[in-house]
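In this text, all values refer to a predicted model and were calculated from it rather than measured experimentally.
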Amino acid sequence: MMKRIWMVSVLAVAGCGKLEQVGRAPEFSDLSGSNQHYAMSAAELPEDSAPQRETVASSLWSAGDDALFGDRRAAGRGDILTVVIEMNDSASVTNSTGRNRSGQQSSGLPDFLGIPQRINEALPDGASMDEAYAAKSSSTFKGSGSVNRSEKLTLRIAATVIDELPNGVLRIEGQQEVRVNFELRELIVTGYVRPNDISRQNEITYDKIAGARISYGGRGQITDMQQPTYGQQVADIVMPF
């Protein structure tokens, strides 16, 4: 009884979250407490102070990152770079397996010092030691499977460097949300990149991101209609048939 009450309570709480969105567009995710916000707002203390360089006030050129020919690629925590996602993959795999096996065994003891004949006299009608046992077995197995997959996706997203590892590798994270009417499209990218793989345009392709996690989905009325209800999902898990 308590389990039923607990299950009903969980379903009710889950449903209340959806009821709050009735007649309203899905809310954007709050970035105030995200890793991106922390990386851009919290400044790290430098390990050592750079020596003061002599500057000339009347010079047209400078050696900093803001110079005309300076390197504007992302290099530290809080910097922003562009991730280019261009997927055009396809795969086709077909497998077929067949197996067939048969076996037959028999054993008997027709003559052994007259002992089988004496045993046959004591056995019921139809029983004989001439063929002690006989066994036959056969098995057949056939299996086949095929996979056809095609994916094409072209996206660009701005990601933030949220951490710099001791070996110089940068950890990036990017999140993009676009709301159209009552549907919210989400694009999330995380992973690790090498500073040398970042182009002069401050861009990096998704195939150069180690441990890449790319999520493209949505929230809203259309997505809800494409998913089964909570009761149906629970029934599919609990029901054994």
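Taking CG from Leu170 and OG1 from Thr160, the interatomic distance works out to 12.0 Å, rounded to the nearest 0.5 Å. Between Asp197 atom CG and Ser199 atom OG the span is 10.0 Å, to the nearest 0.5 Å. Rounding to the nearest 0.5 angstrom, the gap separating the CD1 atom in Ile237 from the CD atom in Gln232 is 11.5 Å. Atom CZ of Arg185 and atom CD of Gln176 lie 12.5 Å apart (nearest 0.5 Å).
Side chain to side chain, Thr205 and Glu86 fail the donor-acceptor criterion of an N or O pair below 3.5 Å.
One hydrophobic cluster, built from ILVMFWY side chains closer than 4.5 Å, cannot hold both Ile188 and Ile209; they sit in different ones. Val83 is not connected to Ile162 by any chain of hydrophobic side-chain contacts under 4.5 Å among Ile, Leu, Val, Met, Phe, Trp and Tyr, and they are in different clusters. In the hydrophobic clustering of ILVMFWY residues, with side-chain heavy atoms under 4.5 Å counting as a link, Met87 and Ile157 come out together. The hydrophobic clustering, which links ILVMFWY residues whose side-chain heavy atoms are closer than 4.5 Å, places Val84 and Leu81 apart.
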TODO: Go through the steps to decide whether Glu177 and Gln175 satisfy the test side-chain hydrogen bond (donor to acceptor under 3.5 Å, both in side chains), and finish with yes or no.
DONE: CA-CA 7 Å; Glu177 296 183 355; Gln175 183 177 1; 3.1 Å; yes

- [ ] In sequence, state the C-alpha distance, the side-chain angles, and the governing distance for Arg149 and Asp89, and then conclude on side-chain contact (heavy atoms from CB on, under 4.5 Å).
- [x] CA-CA 8 Å; Arg149 180 177 60 87; Asp89 300 334; 4.3 Å; yes

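In this structure, the side chain of Arg213 does not engage the main chain of Thr190 through any donor-acceptor pair within 3.5 Å. When atom types are taken as modelled, the side chain of Asn202 and the backbone of Ile80 share a donor-acceptor pair closer than 3.5 angstrom. Within the 3.5 Å criterion, the main-chain N or O of Glu183 finds no donor-acceptor partner in the side chain of Asn181.
In this structure, Leu155 and Leu187 have side chains that are in contact, with non-hydrogen atoms separated by less than 4.5 Å. With a 4.5 Å cut-off on side-chain heavy atoms, Thr154 and Ile85 do not count as touching. The shortest side-chain heavy-atom distance between Leu165 and Tyr192 falls under the 4.5 Å cut-off. Between Phe141 and Thr97 the shortest side-chain heavy-atom distance falls below 4.5 Å. Within the 4.5 Å cutoff, the side chain of Ile214 has heavy atoms near those of the Tyr206 side chain. Contact of the Tyr216 side chain with the Glu186 side chain is not registered, since no non-hydrogen atoms from C-beta on lie closer than 4.5 Å. Contact annotation: the side chain of Asn95 never approaches that of Ser146 to less than 4.5 Å [non-hydrogen atoms, C-beta and beyond].
Judged as a side-chain hydrogen bond (donor to acceptor under 3.5 Å, both in side chains), and not counting sequence neighbours, the contacts of Glu203 are Arg156.
The number of heavy-atom neighbours closer than 6.0 Å to CG of Leu153, taken from other residues, nucleotides and ligands shown, is above 12. In this structure, Arg99 places its CZ atom where only 12 or fewer heavy-atom neighbours from other residues, nucleotides or ligands lie under 6.0 Å away.
When all heavy atoms of Ala75 and Asp79 are compared, the closest pair comes out as N-OD2, 3.0 Å.
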